[in-house]
Q: 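Just passing along the structure, written as structure tokens.
Note that this is a predicted model, so its numbers are computed, not measured.
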Amino acid sequence: MARRIQLSSPSPSSIEPDDGAVDRILGGLNKEQRAAVTATDGPVMIIAGPGSGKTRTLTHRIAYLLATGKARPHEIIALTFTNKAAREMRERVQRLVGDRTRGMWMGTFHSSFARLLRREIDALGYSSDFSIYDTDDSKKIIKQQMNRLQLNTDEVKPRSVQRTISSAKNQMVGPNEYSSMAHGRLQEATAKVFPAYEAALKRANALDFDDLLLKPVTLFNQEPDILERYQERWQYVHIDEYQDTNHVQYVLAKQLAGKHKNLCVVGDDAQSIYAFRGADISNILSFERDYPGATTVRLERNYRSTENILQLADSIIDQNEDQLEKTLWTDNDQGEKILLTEALSEKDEAKKVEQKIRDLQLREGLNYSDFAVLYRTNAQSRAIEEALRRENVPYRVIGGVSFYQRKEIKDVLAYLKLLVNPNDRASLERVINYPTRGIGAKTQERLRNYAREQSISLWQAVEQVEQIDTLSTRAQNAVGKFRFLIAKYMGQVDTEPVDELTRELIQDAGVLSELRKEHTRENLRRWENVQELVNGIAEYTASSDNATLSTFLQEVALLTDLDGDDDPDQVTLMTLHASKGLEYPVVFVTGLEEGLFPLAKATQERTELEEERRLFYVGVTRAEQWLFLSWARNRYRYGKQEHNTRSRFLDEIDSSVVSTAGGGRLRQKKNRFSSSSSGGTDNYDDMDPHYYRQNLRGNSSKSKKRRTTRTVSNSSSRSSKNSSGRRVVYDEGEGAIVPGVRVEHGKFGEGKVQSVEGSGDRATAVVFFGGDIGNKKLKLKYARLRVIG
DNA sequence: CCCTGTGTCGTCATT
DNA sequence: CGACACAGGG
């Protein structure tokens with residue numbers, strides 16, 4: 001993970017042109033691409049279809065600036081949307097101009113501006129050690145604030161409020177402005193929470209994802225000097241995937257390029273698939289109006305796909321009303337027809353995909369890494385994974401639950417965040433009783449109350465726990481021990497090497513022993529993940545002198561996954577969204593069913609349906625040689641079997657380039673979903689989850705009860721197997737409770753002690769009772785066991 | 001105070 | 001199905 005974290009180093013002083021490199025850079029480009037690369041004065045917009053060398057053009061432009069000496073590395077900033085795109089772009093530029101790239105800023109919007117804030121945020125009254133809150137942290141804070149404001153979290157869900165606040169921030173609507181225009185239950189609740197949420201973040205010295213973009217705008221507005229410094233510094237601003245910028249990003253671009261106007265953006269309106277998170281397609285549609293005198297270059301030649309694939313893609317996007325004029329063409333071969341497969345179930349679909357992969361791999365001599373399987377939702381990966389695993393086809397899944405979102409990783413990171421930023425309340429609450437150390441919900445509530453009454457932070461309340469008289473001595477002691485633990489390592493943050501500090505801390509805090517307590521596969525994996533994190537920290541801190549724990553935590557908050565081994569021979573599984581910008585010789589687009597793709601929710605509004613369609617377009621244009629489409633008649637969703645009809649998209653496509661698995665041609669229904677209102681209702685009931693829930697509610701509870709009875713005995717017998725712990729004597733006066741002795745219990749009768757764990761109040765014993773009771777885990781403090789022999 | 005079992009609920013895509 | 005909240009017993 002450390003590899004991708006780049007820190008600035010001084011640019012080389014020499015900016016002599018490198019003519020050889022310039023030739024190399026312009027050499028492989030077509031006329032249009034070359035025009036885009038060399039138009040270095042003034043705003044440029046590159047409108048480009050899929051497979052047209054979009055990113056290539058951008059990287060060559062940057063390399064061109066460097067090679068000609070028009071710009072020094074630190075005068076360039078390039079912004080992308082994913083870490084992967086940034087990394088690839090940097091590698092490509094490096095390949096072209098070598099270490100002339102040092103000092104160049106190239107990264108995602110979020111990480112670039114987090115980095116900027118680290119340097120400048122004290123002007124806004126934050127400290128540079130700010131924590132970055134992810135969506136879960138934000139949700140937690142919002143929920144707390146809602147409780148405080150006595151808003152009913154059943155009526156209005158914290159998650160909805162969080163989304164609403166987030167989109168307000170993305171449109172640069174502040175709490176005040178928001179409350180004046182709020183109407184409806186959700187918006188009114190949001191209006192109340194919004195200011196409280198902002199205040200809570202401020203108190204915690206924390207920024208959420210949206211703040212990472214919003215605060216720089218505020219900063220630039222508030223401190224024109226700072227803005228001018230950066231405008232001066234970055235002579236050249238580049239933005240990839242411009243169609244996905246939201247309003248804040250748009251404003252930031254405008255601010256940064258405000259002086260030199262050397263803004264170069266690349267985008268394809270037909271690939272805009274992030275409107276749901278505030279991407280504003282009008283940013284690209286109105287570029288020429290916003291930047292008068294802009295050079296617009298259209299890249300319409302496709303180098304990637306076969307004629308057939310392109311024709312199919314064309315027939316998809318033609319259905320959309322909103323789009324810029326653009327005609328894609330290619331010189332590539334016609335290629336094979338696109339194969340459409342109808343499957344009985346998602347298992348059947350997965351099997352057919354797997355068979356096709358092995359078949360093609362053998363017949364065409366392809367590598368596994370030449371294949372990509374795409375789907376609409378992450379949950380769909382499961383069936384595919386199972387099928388591939390069964391036949392030992394190597395694969396990797398992109399996205400899903402990423403490394404940094406794993407609980408065990410977030411726990412360790414929370415400890416570290418707390419050390420750096422003790423005001424970070426979300427992190428404090430996360431770890432204060434993990435692993436359990438006797439600071440339960442009640443104690444925490446009392447701490448919170450005290451903090452509020454005294455207007456101090458929660459950590460300060462922890463620091464002065466002895467003064468909190470609502471707490472029992474026992475609770476005070478527990479909190480005191482925790483305070484000692486944290487304070488000890490806080491003192492070492494600046495002196496001790498970070499990886500060693502982390503290792504000692506998680507040992508000391510009991511995180512490691514917590515993970516090793518039960519030897520399950522899951523725990524072993526968690527333990528390994530934590531070790532991996534520590535390794536990552538070591539690697540990171542070794543990479544540079546400026547790499548502190550604080551910067552590590554900020555960088556890591558913005559990464560979604562480990563930087564995997566780049567190119568092992570594996571099939572790639574990912575969502576359609578994640579596939580943007582990538583290409584593969586063979587692509588499967590799966591799950592083409594009404595209700596799934598397009599999603600049922602997206603079929604009401606034309607704009608949403610068009611976004612789904614663009615997503616389909618993105619998917620099929622990833623393919624170079626072979627493209628497979630499939631759908632399944634039956635599919636498990638929400639734990640229930642669902643019957644589906646095939647996607648309307650399949651009725652829209654150009655059937656002349658499609659063949660079906662049976663060998664026949666694709667028979668399409670025209671105008672299945674006419675634009676008139678109640679078009680699709682006849683099979684709507686089939687796919688609406690609420691319909692199911694209502695109908696199934698009747699007998700579900702009964703069957704569940706029966707199932708749980710069995711679970712009880714299962715789980716207690718499992719715990720007996722695992723409790724091979726140390727033998728701890730618990731003296732109840734009448735005799736020691738140790739493994740082997742016979743005891744009597746008020747309810748369960750006579751039994752035999754199997755094992756004992758823990759000590760003092762926390763001691764527990766596993767006792768085997770006769771009959772159908774079996775093993776029971778008993779807390780000695782409550783169970784009042786009497787030793788009888 | 002902590003754990004376990006039981007019931008509920010929602011589900012998309014990302015930094 | 002799986003994540004989560006909550007109640008109640010240990």
Q: Tell me the interatomic distance from A/Asp134, atom CG, to B/dT14, atom P, rounded to whole angstroms.
A: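 Interatomic distance, CG of A/Asp134 to P of B/dT14: 14 Å.
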Q: When the distance from CD of A/Glu241 to P of B/dT14 is rounded to whole Å, what number comes out?
A: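 These atoms are roughly 14 Å apart.
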Q: Which of the following nucleotides, B/dA13, B/dG10, B/dC2, is nearest to the side chain of A/Lys157?
A: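 Ranking B/dA13, B/dG10, B/dC2 by closest atom to the A/Lys157 side chain puts B/dG10 first.
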Q: Please report, rounded to the nearest Å, how far the P atom of B/dT15 is from the CZ atom of A/Phe81.
A: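 After rounding, the gap between these two atoms is 11 Å.
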Q: For the side chain of A/Thr135, starting at C-beta, report the closest nucleotide among B/dC1, B/dA13, B/dT15.
A: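 Nearest nucleotide to the side chain: B/dT15.
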Q: How many Å lie between NZ on A/Lys84 and C1' on B/dT14, as a whole number?
A: 15 Å
Q: Taking NZ, NE, NH1 and NH2 as the nitrogens, is one of them in A/Lys347 or A/Glu386 under 4.0 Å from a carboxylate oxygen of the other?
A: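 The answer is no: the pair does not qualify as a salt bridge.
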Q: Just checking, any donor-acceptor pair under 3.5 angstrom between side chains of A/Thr607 and A/Glu610?
A: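 Per modelled atom types, A/Thr607 and A/Glu610 side chains form no pair under 3.5 Å.
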Q: Which listed nucleotide (B/dC12, B/dT15, C/dG2) is nearest to the side chain of A/Leu599?
A: B/dC12
Q: Can you find a side chain N or O atom of A/Arg163 that sits less than 4.0 Å from OP1 or OP2 on B/dC12?
A: no
Q: Would you please confirm or rule out a distance under 4.0 Å between OP1 or OP2 of B/dT14 and any side-chain N or O of A/Asn83?
A: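 No, no such contact exists.
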Q: Can you spot which of A/Arg635, A/Arg648, A/Arg637 makes a salt bridge (Lys or Arg N to Asp or Glu O under 4.0 Å) with A/Glu593?
A: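 Output: one option passes, namely A/Arg635.
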Q: Any salt bridge between A/Glu198 and A/Lys169, counting N to O under 4.0 Å?
A: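 A salt bridge is present here (some side-chain N lies under 4.0 Å from a carboxylate O).
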Q: Kindly state whether the pair A/Phe276 / B/dA13 counts as stacked, where counting means centroids closer than 5.5 Å and planes tilted less than 30° apart.
A: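 By the stated criterion, A/Phe276 and B/dA13 stack.
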Q: Find every protein N or O atom lying less than 3.5 Å from an N or O atom of nucleotides 3-5 of chain C, and list the pairs.
A:
none

Q: Got a donor-acceptor pair under 3.5 Å from the side chain of A/Arg376 to the base of B/dA13?
A: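 Side chain to base: pair present.
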Q: Of the options B/dC12, B/dC1, B/dC2, whose atoms approach the side-chain atoms of A/Thr443 most closely?
A: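 Nearest listed nucleotide: B/dC1.
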Q: I'd like to know if A/Arg382 and A/Glu346 make a salt bridge, using a cut-off of under 4.0 Å between side-chain N and carboxylate O.
A: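 Looking at A/Arg382 and A/Glu346, the cut-off is not met.
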Q: What is the nucleic acid contact for A/Tyr636, judged by heavy atoms within less than 4.0 Å: base, sugar-phosphate only, or nothing?
A: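 No contact at all - A/Tyr636 keeps every heavy atom at 4.0 Å or more from the nucleic acid.
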Q: Charged N to carboxylate O under 4.0 angstrom, A/Lys140 versus A/Asp136?
A: no
Q: Report the distance from atom CD of A/Glu611 to atom P of B/dA13, rounded to the nearest whole Å.
A: 14 Å
Q: Send over the distance from A/Ile439 CD1 to B/dC2 P, rounded to a whole Å.
A: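 The distance from CD1 of A/Ile439 to P of B/dC2 comes to 9 Å, rounded to the nearest Å.
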Q: Could you give the distance separating C/dC4 and B/dA13 at their P atoms, to the nearest angstrom?
A: 15 Å
Q: Would you kindly give the CD-to-C1' distance between A/Gln271 and B/dA13, to the nearest whole Å?
A: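 Taking atom C1' of B/dA13 as the reference, CD of A/Gln271 is at 16 Å.
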Q: Which one, B/dT14, B/dT15, B/dG10, comes nearest to the side chain of A/Ala578?
A: B/dT14
Q: If you assign each of A/Asn433 and A/Ala557 to its closest nucleotide in DNA chain B, which residue comes earlier from the 5' end?
A: A/Asn433
Q: Any luck finding a side-chain donor-acceptor pair between A/Asn320 and A/Tyr617 under 3.5 Å?
A: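 Per modelled atom types, A/Asn320 and A/Tyr617 side chains form no pair under 3.5 Å.
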Q: Expressed as a whole number of angstroms, how long is the span from A/Arg159:CZ to B/dC9:P?
A: 14 Å
Q: What's the closest nucleotide to the side chain of A/Arg474 if the choices are B/dC1, C/dC1, B/dC2?
A: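 Taking heavy atoms from C-beta onward, the closest nucleotide is B/dC1.
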Q: Testing the 3.5 Å rule here: is there a donor-acceptor pair between the side chains of A/Thr245 and A/Asn283?
A: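 Judged by distance alone, the side chains do pair up.
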